[in-house]
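Here's the structure we're looking at; comments come further down.
The sequence lines fix the lettering, A, B, ..., with proteins before strands; numbering per chain opens at 1.
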Protein chains: 2
Amino acid sequence: MDIKRKDVHNSDTPVLCQACESRHRGVCGALTSDQLLQLSKHSSRRAVEPGTELIGESTQIKNYSNIISGVVKLSKMMADGRQQIVGLQFAPDFLGRPFRKENGVTAEAATEVKVCSFPKTVIERMIGEMPELEHKLLEQTLDELDEARNWMLTLGRKTAGEKVASYLLLIATHAFPENETDTAEFELPMSRMDIADFLGLTMETVSRQFTKLRADGVIRITNNRHVVIPEITRLSDRAGF
Amino acid sequence: MDIKRKDVHNSDTPVLCQACESRHRGVCGALTSDQLLQLSKHSSRRAVEPGTELIGESTQIKNYSNIISGVVKLSKMMADGRQQIVGLQFAPDFLGRPFRKENGVTAEAATEVKVCSFPKTVIERMIGEMPELEHKLLEQTLDELDEARNWMLTLGRKTAGEKVASYLLLIATHAFPENETDTAEFELPMSRMDIADFLGLTMETVSRQFTKLRADGVIRITNNRHVVIPEITRLSDRAGF
DNA sequence: CGACGCCTTGAACGATGTCAACGTGCGTGG
DNA sequence: CCACGCACGTTGACATCGTTCAAGGCGTCG
């Protein structure tokens, strides 16, 4: 088939990697089939439950991972327990901070998450040998920086209503890119409490804003998690764009 | 002198670069003296006034720069004029987004700023030839991402008092690294309005928090800009650490 | 059925924003 | 040299938004 012919070295691709998005849009796209094979020998897949801590705030990092599916939340906590989610990661993002002993954030599975992990040492050696790999990492890091700065605007200057609308738009576009551009329907990957920690609000305020959006017909909600957005433009208007 | 002997190829270093911090801590540290010479042929230094726009939010980038001295603020603005400063950059940071046509933020001189600029094309070619250069950029980008995420915690979860204390600590450590660890004295590089835009507050609230810190003896202020911090630990306590 | 987790709703409170007046330093022009 | 205007910062009074605390709803699982 034509599609397969375009996929260079498809026959050499390790079985584990054949259906993996990281090979196309993620960091593994920078690797030759030889290197992919070498890496796959050291890599292991696993699925984890929501709530599982993948990386601790000040624990040493031994493994790096590619996210195969699911949503991972990156958070920071203050001494008195106040918490802020500082980023969300989706497939096929790379998880872990190269060249850093500590990483300053906790990574926790928000949904069920499938990851493909490999030892720090193997990846760091490959980075040294493969400038293309480092380039991919730089690209992803630049994207994450853009996202972080966008979110700083949301945290610092938007009202509660705008924050909740911005969150829904973020999830609609990032976690479910298969949605159309004018309408969307999906399961929220996070609890009200998580959303509050992401938006710098309380659970109650988030709940009230959901209620208001529902009352105004901008969204429909069933089972607390299932969201339908009939017209995305109406939601964008509420997000401050 | 011993100091000079340690500086490899010192004699070949272009005159323009000899006293430049970017050659040590910044991206130019990744270059050989040959490359430095080549780059310096295309580079130009200039000093700009506070308020000068160095990069526009959606303007094409033609130049990259190293910051030689001064403070640059990166900001975002909403359609209705609400503004948020999403990052500060100091010498010897690299200014500009490689591999991005647009960059989504406005860069503006907060103080008088000296920069060393070179054409986008020259730098991007060098990145392709020099993995070390790309590595430096990745390192800086990772640092900026850490900073951004730290600030997200500040924006989302800290009180006005904690935000202002956090700001003072940030300036004391980043803009004036020569300060001692237990005491500090410096000129604030930004107006009350800028500080408010960085902290997600109003000018009035920032002013009141300054007044309170002064009343409590945590800081002393003269001429609105000159700040003395007698005991940095007392300020840290106020910042939520 | 009851208990539990998660979410929603209500009422009162408090931190921060808004609006307006005033202060201070500085440059400018009479 | 003084008077004035202007930019910037401070302070006060009041309004508002989001938080806090408390009660109750709803679905799930034992």
Side-chain angles (χ1 to χ4, degrees), chain A residues 49-51 73 78 80-84 110-111 154-168 187-216 218-227 238-240, chain B residues 49-51 73 78 80-84 108 110-111 154-168 187-216 219-227 238-240:
Chain A
E49 296 290 287
K73 50 186 213 219
M78 293 174 63
D80 61 6
R82 280 176 285 176
Q83 197 170 15
Q84 176 68 44
T111 62
T154 301
L155 288 173
R157 287 304 185 201
K158 291 190 183 176
T159 64
E162 291 170 333
K163 285 180 177 182
V164 170
S166 300
Y167 170 78
L168 287 170
E187 298 291 316
L188 286 177
M190 293 153 69
S191 69
R192 297 290 185 274
M193 190 65 216
D194 278 346
I195 298 171
D197 281 343
F198 191 32
L199 296 171
L201 298 170
T202 58
M203 215 189 57
E204 293 90 333
T205 300
V206 172
S207 178
R208 281 185 248 270
Q209 296 301 330
F210 269 104
T211 302
K212 195 192 274 187
L213 286 173
R214 188 156 36 99
D216 295 353
V218 180
I219 60 173
R220 269 173 284 147
I221 306 179
T222 46
N223 291 331
N224 288 335
R225 292 285 189 121
H226 190 89
V227 176
R238 301 263 184 149
Chain B
E49 297 288 287
K73 51 187 211 220
M78 292 173 64
D80 60 6
R82 280 176 284 175
Q83 198 170 18
Q84 175 68 42
E108 187 181 323
T111 61
T154 301
L155 287 173
R157 288 303 186 202
K158 291 190 183 177
T159 65
E162 291 170 333
K163 285 180 177 181
V164 170
S166 299
Y167 169 78
L168 288 170
E187 298 291 316
L188 286 178
M190 292 152 70
S191 69
R192 297 290 185 275
M193 190 64 215
D194 278 346
I195 298 171
D197 282 342
F198 191 33
L199 295 170
L201 298 170
T202 59
M203 214 190 58
E204 292 92 333
T205 300
V206 172
S207 179
R208 281 184 247 270
Q209 295 301 329
F210 269 103
T211 302
K212 195 192 275 188
L213 285 173
R214 187 157 35 99
D216 295 353
I219 59 173
R220 268 173 286 148
I221 306 180
T222 45
N223 291 331
N224 289 336
R225 292 285 190 120
H226 190 89
V227 177
R238 301 261 184 153

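A donor-acceptor pair is defined here as one N or O able to donate and one able to accept, closer than 3.5 Å; no such pair exists between the side chain of B:Arg238 and the backbone of B:Glu162. Of the possible polar contacts, one joining the A:Gln84 side chain to the A:Phe198 backbone as a donor-acceptor pair under 3.5 Å is found. The main-chain N or O of A:Asn224 is found under 3.5 Å from a side-chain atom of A:Arg192 such that the two form a donor-acceptor pair.
Distance, A:Asp194 CG to C:dC7 P: 9 Å, rounded to whole Å. Rounding to whole angstrom units, CD1 of residue A:Ile195 and C1' of D:dG18 are separated by 17 Å. Atom CG of A:Leu213 is separated from atom P of C:dC7 by 16 Å (rounded to the nearest Å). Rounded to whole angstrom, the span from the NZ atom of B:Lys212 across to the C1' atom of C:dT16 amounts to 11 Å. The distance between atom CG of A:Leu201 and atom P of C:dA15, rounded to the nearest whole Å, is 18 Å. Rounded to whole Å, the distance from CG on B:Leu199 to P on C:dG17 is 10 Å. Distance, B:Arg225 CZ to D:dG9 P: 6 Å, rounded to whole Å.
Residues forming a side-chain contact (heavy atoms from CB on, under 4.5 Å) with B:Glu108 (at least two apart in sequence, or on another chain): B:Lys73.
Taking the charged nitrogens against the carboxylate oxygens, A:Arg82 and A:Asp197 have no contact shorter than 4.0 Å, which rules out a salt bridge.
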*Which letter, B, S or -, goes with each nucleotide of nucleotides 8-13 of chain C from 5' to 3', with contact meaning a protein heavy atom under 4.0 Å?*
BBBB--
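Each of A:Asn223 and A:Gln209 lies near DNA chain D, and the nucleotide nearest A:Gln209 is the one positioned closer to the 5' end.
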May I have the list of side-chain donor-acceptor pairs in residues 207-214 of chain B shorter than 3.5 Å, sequence neighbours left out?
unit_1: B:Thr211; atom_1: OG1; unit_2: B:Ser207; atom_2: O; d: 3.0

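Within the 4.0 angstrom heavy-atom criterion, only backbone atoms of the sugar-phosphate kind lie near B:Gly200; the bases stay farther away.
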